[in-house]
Amino acid sequence: MELNPQQTAAAAYSGDARNILVTAGAGCGKTRTLIARAVHLARSGADVSRLLLMTFTNRAAREMKIRLKREIGPLSGKIQAGTFHSFCLKAIATLPKSFDATGLNVIDGDDQKALMTVARNNLVHSMDGSRARKTPKAAELLKFHSYSRNTCQTPEAYLPEFTDMEPEQATLCCRIFDEYRRLKTERGYLDYDDLLWCFSEALDRKPDLRRDLTGLFDEVLVDEMQDTNPLQFRILRHFASERVRLFCVGDPAQSIYRFRGAEFQYIHRFGELFPESTVLRLTENYRSNQEILDLGNWLLAGSPFDYGEGLHAARGACGLLPVLHDFDGVAEEAEWVADAIEERRSADIPYSDMMVLVRTSFDAKPFEAEFIRRSIPYRYIGGTKITESAHVRDVMSLLRVVRNRRDDLAWMRYLQLWPRVGKVRAGKFLEVMQAAEDGDFMRVVTERFGPEHPAVTALAGALPLAGRPRACVSAATASLSGILSEHYDRWDRRRQDLDLLVSVAGRYDSLSDFIDDFTLEPMTNTEIHKLEENDTVTLITVHSAKGTEARICFVAGAGPGTYPHIRSFGDPDAEEEERRVLYVAVTRAMDELHLSRSMERRGAFFMLNTPTRGEEYFLAEVPENLALREAHGGKPRTSGGLSALKDRY
């Protein structure tokens with residue numbers, strides 16, 4: 001691997017510090033340095049089976065494994081690399097008794113919601129209508145429950161302090177959470193948070209287990225340290241407490257997931273939190289030209305926090321400053337962005353070299369509408385996950401039944417696909433199933449529905465193929481396509497999703513691993529589709545954009561009330577995170593950066609009419625030497641004659 005002096009010093013560090021933090025600015029190669037560290041240890045004679053690489057997404061973990069194999073060949077297969085969740089699941093599955101695990105079926109968000117609904121109904125069914133209506137719905141309850149666990153707070157402490165619930169209502173919510181946990185235990189289910197929680201709690205309670213399990217490793221290498229939440233941090237502390245070395249890389253300026261529980265202070269105060277540590281800095285950026293970095297450096301320099309030395313571009317300056325564009329309305333903003341994209345495409349710049357960054361899926365809608373109107377090919381990242389789509393979840397319900405005959409939620413979804421099978425009939429079947437032996441389940445389902453019932457034949461077709469994931473998924477999709485095509489419109493497009501599901505299953509040796517991966521980290525439609533049209537504009541939310549880049553970037557809606565967002569006002573930590581969100585957006589650009597803003601947006605109106613808030617707008621006073629300004633007043637001229645006006649009106 002080619003490394004610069006800063007990367008080499010970090011990867012080959014052999015000083016006195018046990019714990020190493022490498023802070024790397026955007027585009028400075030922090031993941032490359034992490035992999036280089038593992039390669040250095042392997043080539044120095046370390047036992048690579050005693051290395052553990054931890055990251056936050058399956059996609060990142062797969063990329064690590066590919067790059068490691070490229071560098072050290074088959075030896076890379078001995079290195080354990082994966083997400084926090086997958087590592088904890090593997091440990092729990094290997095030692096279920098040590099972790100007091102009653103089951104190993106990981107349920108996804110939709111099933112968690114279904115189970116929380118049952119728990120809520122069990123507690124509020126006897127209440128009067130007014131009290132029942134005031135009780136939060138399942139989705140909100142799940143959000144509270146998950147956040148309290150990931151931030152290591154009890155619901156009893158979290159709800160009164162961070163919500164506006166009255167004491168009686170908070171107490172009821174805590175009882176619902178207890179019921180939800182009881183239902184999970186009863187059915188042998190684990191949700192996402194259980195994987196980390198059970199692992200950390202067991203190591204807290206069982207010092208011998210902590211010593212023996214952490215003792216399997218000499219060094220833990222952690223990517224994206226800035227995204228660590230308190231529960232994940234506790235897991236790292238378990239390793240450090242047993243003298244296992246930590247090698248962490250991250251960027252404090254890209255800590256933007258506070259809403260998920262990520263704690264900025266863990267990377268900002270690394271030296272205080274981990275004794276015997278050192279902090280190394282990477283400042284050479286390989287992505288952007290210096291003009292773009294100068295704007296990013298200026299943005300961070302306005303912070304009360306010290307983010308370290310500014311970045312410098314390995315490629316130097318190009319003479320092209322970022323541009324701030326002002327518009328009267330959102331429609332004009334979207335039209336100009338589309339014009340700019342078409343202009344560059346006519347100059348033989350591929351669509352795939354262009355990216356439009358928006359704050360939310362709502363903010364993306366005007367741009368989607370304009371792209372569709374003009375037939376500009378685009379892909380949207382930040383929306384629906386393919387494995388959260390109803391038709392894919394229907395297929396997954398059959399696969400889950402094949403894996404585990406006791407998966408009640410999967411049975412309920414699967415059976416209700418078929419005509420004349422509702423909740424009552426499916427529920428009665430489950431009562432019989434619960435009393436039956438595992439080996440009798442096919443007899444039970446056949447007796448209840450008849451040997452020729454499609455629910456029975458579909459199950460019978462998939463069951464013998466459980467050991468061959470691709471064949472099993474193929475059989476499941478084939479047997480369910482008929483009924484699913486009756487349930488859903490646009491079936492031709494949905495059918496492609498199922499074909500892709502079969503293709504992805506071919507990468508797995510185990511059906512259980514396939515299900516767990518898709519449950520732990522559902523893929524977006526964009527990630528899984530092998531698009532025939534690769535030349536597309538990327539329309540993406542900023543929170544989905546970390547790790548991405550494009551030659552030409554349009555940061556849309558960059559007006560008052562968006563950076564920082566209105567919701568952050570009054571909370572200094574939240575406002576500071578908003579600065580980091582804008583920094584992430586700015587630093588996606590490689591060659592050309594445009595920031596557009598419209599005074600029509602609700603946030604901008606609020607800011608303009610609230611003078612005391614104007615000073616918090618990050619782009620209010622950008623120095624003239626860092627960015628050009630361009631005002632787009634009035635209605636843009638329309639070409640194309642009456643037909644263009646017809647399209648618009």
Side-chain angles (χ1 to χ4, degrees), residues 58 104-108 110-111 385-421 425-426 429-430 433 436 438-488 490-523 525 528-530:
N58 285 325
L104 292 171
N105 300 303
V106 183
I107 56 175
D108 63 15
D110 209 48
D111 286 333
K385 309 285 189 181
I386 192 171
T387 44
E388 291 174 357
S389 302
H391 57 295
V392 174
R393 287 180 49 75
D394 292 335
V395 173
M396 296 296 284
S397 69
L398 172 54
L399 299 175
R400 285 170 51 188
V401 167
V402 169
R403 177 176 75 164
N404 175 21
R405 325 306 188 244
R406 299 292 181 183
D407 193 334
D408 292 357
L409 294 175
W411 273 116
M412 288 295 287
R413 186 179 187 102
Y414 174 64
L415 293 176
Q416 290 181 79
L417 284 174
W418 308 101
R420 295 183 295 280
V421 182
R425 190 177 179 189
F429 165 77
L430 286 178
M433 270 290 296
D438 280 352
D440 292 339
F441 90 99
M442 275 305 296
R443 176 185 59 79
V444 173
V445 72
T446 302
E447 289 177 355
R448 298 293 294 188
F449 296 97
E452 303 303 319
H453 194 284
V456 178
T457 57
L459 182 59
L463 194 62
L465 302 172
R468 297 159 53 200
R470 183 186 177 104
C472 187
V473 176
S474 180
T477 58
S479 59
L480 296 183
S481 288
I483 191 65
L484 294 181
S485 65
E486 297 176 13
H487 284 331
Y488 302 107
R490 295 180 297 170
W491 178 246
D492 287 344
R493 184 169 182 175
R494 292 177 185 265
R495 174 71 215 192
Q496 292 175 13
D497 292 342
L498 302 188
D499 292 341
L500 291 164
L501 205 65
V502 174
S503 176
V504 172
R507 305 174 192 169
Y508 289 83
D509 297 323
S510 158
L511 180 64
S512 187
D513 287 346
F514 169 74
I515 295 171
D516 285 342
D517 267 10
F518 270 64
T519 303
L520 288 174
E521 191 194 350
M523 290 185 180
N525 288 325
I528 194 171
H529 275 282
K530 305 301 182 186

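Keep in mind that what you see is a predicted model, and the values were worked out from it rather than measured.
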### Task
Return the set of residues passing side chain to side chain donor-acceptor pair (under 3.5 Å) with E447 (not counting sequence neighbours), or none when no residue passes.
R443
### Task
Heavy atoms only: give me the nearest A475-G461 pair and the separation to one decimal.
CB-O, 4.1 Å
### Stepwise side chain to side chain contact (heavy atoms under 4.5 Å, CB included) check, S479 with T457
CA-CA 8 Å; S479 59; T457 57; over 6 Å; no
### Spacing of I107 atom CD1 and D408 atom CG [to the nearest 0.5 Å]
11.0 Å
### Query
Are V456 and W418 close enough, and set up right, to give a side chain to side chain contact (heavy atoms under 4.5 Å, CB included), and what steps lead you there?
CA-CA 11 Å; V456 178; W418 308 101; over 6 Å; no
### Query
Taking the side chain from W491 and the backbone from G482, do they hold a donor-acceptor pair closer than 3.5 Å?
no
#### Entry: Non-neighbouring partners of A471 that pass side chain to side chain contact (heavy atoms under 4.5 Å, CB included), sequence neighbours left out
L465, R468
### Task
Taking all heavy atoms of C472 and all of V402, pick out the closest pair and write down the distance.
SG-CG1, 4.3 Å
### Query
Taking side chain as C-beta onward, heavy atoms only, is Y488 less than 4.5 Å from D394?
yes
### Query
By side chain to side chain contact (heavy atoms under 4.5 Å, CB included), which residues pair with D499, not counting sequence neighbours?
R495
### Task
Taking the side chain as every heavy atom from C-beta outward, state whether R400 and I515 have any pair of such atoms under 4.5 Å apart.
yes
### Query
Does the side chain of V401 reach to within under 4.5 Å of the side chain of L463, using non-hydrogen atoms?
no
### Partner of D111 by side-chain contact (heavy atoms from CB on, under 4.5 Å), out of M412, R393, R413
R393
### Task
Report the distance from atom NE2 of H487 to atom NE2 of H391, rounding to the nearest 0.5 Å.
13.0 Å
### Message
Do P419 and I483 make a side-chain contact, defined as non-hydrogen atoms from C-beta onward lying under 4.5 Å apart?
### Response
yes
### Query
Atom CG in L498, atom CG in L480: separation rounded to 0.5 Å?
8.5 Å
### Task
Taking the side chain as every heavy atom from C-beta outward, state whether L484 and V395 have any atom pair closer than 4.5 Å.
yes
### Task
Kindly give the heavy-atom pair with the smallest separation between Y414 and A458, and that separation in Å.
OH-CB, 3.3 Å
### Message
When you compare the side chain of L459 with that of F441, does any pair of heavy atoms fall below 4.5 Å?
### Response
yes
### Message
Return the OG to CZ distance between S510 and R403, rounded to the nearest 0.5 Å.
### Response
8.5 Å
### Heavy-atom closest pair, residues A505 and V473
CB-CG2, 3.7 Å
### Query
Does a side-chain heavy-atom distance below 4.5 Å link F449 with F429?
yes
### Task
Any chance you could measure Q416, atom CD, to R425, atom CZ, to the nearest 0.5 Å?
11.5 Å
### Query
Where is the tightest heavy-atom contact between L511 and P469, given as atom of each residue plus distance?
N-CG, 3.5 Å
### Query
Any side-chain heavy atom of V445 within less than 4.5 Å of one from R448?
no
### Message
Looking at R470 and Y508, would you say the former's side chain and the latter's main chain have a donor-acceptor pair under 3.5 Å?
### Response
no
